[in-house]
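Atoms within each ligand, like the ligands themselves, are counted from 1 in listed order. This structure is a prediction, so every number in the text was calculated from the model and none was measured.
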Amino acid sequence: MVHPIVRSFATSNELSVSLANLVTELSAKSIEAHDRFTVGISGGSLPKLLGADLKHRKDIKWDKWEVFFCDERIVPLDHEDSNYFVCKKELFDHVPIPPEKIHTIKPELASENEPKNEEATDPVSLEYEQQLIDVFAKASSIKFPLFDLLLLGVGPDGHTCSLFPGHPLLDEKDLWVVYIGDSPKPPPKRVTLTLPVVNHARNVAFVATGSGKQDILHQIFEDPGSNLPSQLVKPVNGKLYWFLDDAASAKLNLPK
Ligand SMILES: O=C(O)[C@H](O)[C@@H](O)[C@H](O)[C@H](O)COP(=O)(O)O
């Protein structure tokens, strides 16, 4: 049973400082343990909350980072909908992560004829999965990559990454990266890490702010049987964190 470490902050600035503290700590520990820090970043509001304080940190060995995206929209990398584009603006442009260590999708591989969702594969997701294999499985064959940290958001419907309530992709047990062509959250075409990959991470941190997340957080924490994608995130051996602001956590019974 995973017991999440839940922290709620009066302001998003305080959340960003605490999140940057955790990232700094995990980066140092990971680099000390295995000479790199492998991290996956989600889109939405997360990149801004992540970068706000982290981009000023000087005590991080950025050249040891390997950055992936927990999900990514299949749009050009300079498009405002691209998670890479947003992360570049909020973090990558401010810190010296070697460009070759920031692993982006290749949207140009997107095929005209869209694969049927049940195939759950397409050129973009297959190529991105190969990038993960190159980084994580070069030495030995492994069933799933062990990310040092995955940074997740949560949608008002309880989705995370691009894994949405009731979607067949929630049942994927083997692939590391899959394609979704009917994302209820626009844009519709995306690639996403699968639940087994998320649940094999050493650390998973959800970040959620704003009163618009009150109800879904109440359901996630108070109604465990809802089977929401965010509730299916139960790291096998890893730690689970929730970084919230008080506006989002208002309906939770958190110890004061
Ligand atoms: O690419 C994406 O759309 C995100 O990865 C997505 O999963 C996001 O994390 C949630 O939708 C929450 O987004 P907000 O934090 O902006 O509400």
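For Glu80, the CD atom sits in a loose shell: 12 or fewer heavy atoms of surrounding residues, nucleotides or ligands are nearer than 6.0 Å. Within a 6.0 Å sphere centred on NZ of Lys101, heavy atoms belonging to other residues, nucleotides or ligands number 12 at most. Residue Asp134 qualifies as enclosed at atom CG: its count of foreign heavy atoms under 6.0 Å is above 12. Counting heavy-atom neighbours within 6.0 Å of Glu108 CD, excluding the residue itself, gives a total above 12.
Those atoms of ligand 1 with a heavy atom of Arg190 less than 4.0 angstrom away are 1 (O), 2 (C), 3 (O). Heavy-atom proximity to Arg73, at under 4.0 Å, picks out these atoms of ligand 1: 1 (O), 2 (C), 3 (O).
Side-chain atoms of Asp71 and Thr192 include no donor-acceptor pair closer than 3.5 Å. Side-chain contact check for Glu14 and Thr11: at least one donor-acceptor pair (N or O, by modelled atom type) lies under 3.5 Å. Side-chain polar atoms of Asn83 and Arg190 form no donor-acceptor pair below 3.5 angstrom. Ser125 and Asp122 form a side-chain donor-acceptor contact under 3.5 Å, judged by distance and modelled atom types alone.
Distances from atom 7 (O) of ligand 1 to the heavy atoms of Gly40, Gly153, Cys161 show the closest one on Cys161.
What sits closest to atom 17 (O) of ligand 1 on the protein, heavy atoms only, is Lys213 NZ, 2.6 Å. Scanning the protein for heavy atoms near atom 12 (C) of ligand 1, the closest one is Val154 O, 3.6 Å. Considering only non-hydrogen protein atoms, atom 15 (O) of ligand 1 sits nearest to Ser45 OG, 2.6 Å. Regarding atom 5 (O) of ligand 1, its nearest protein heavy-atom neighbour is Asp71 OD1, 2.7 Å. Counting only heavy atoms of the protein, atom 10 (C) of ligand 1 lies nearest to His159 NE2, 3.3 Å.
Residue-to-ligand polar distances keep Ser162 apart from ligand 1: every N/O pair is separated by 3.5 Å or more. The shortest N/O to N/O separation between Gly43 and ligand 1 falls below 3.5 Å. At a 3.5 angstrom cut-off on N or O pairs, Thr160 does not count as close to ligand 1.
Residue-level proximity to ligand 1 for Asn83 is carried by the side chain, the only part with a heavy atom below 4.0 angstrom. Only side-chain heavy atoms of Lys185 come within less than 4.0 Å of ligand 1; its backbone N, CA, C and O stay farther off.
Annotation for Pro187 and Arg73: closest pair CG-CG, 3.4 Å, computed over non-hydrogen atoms.
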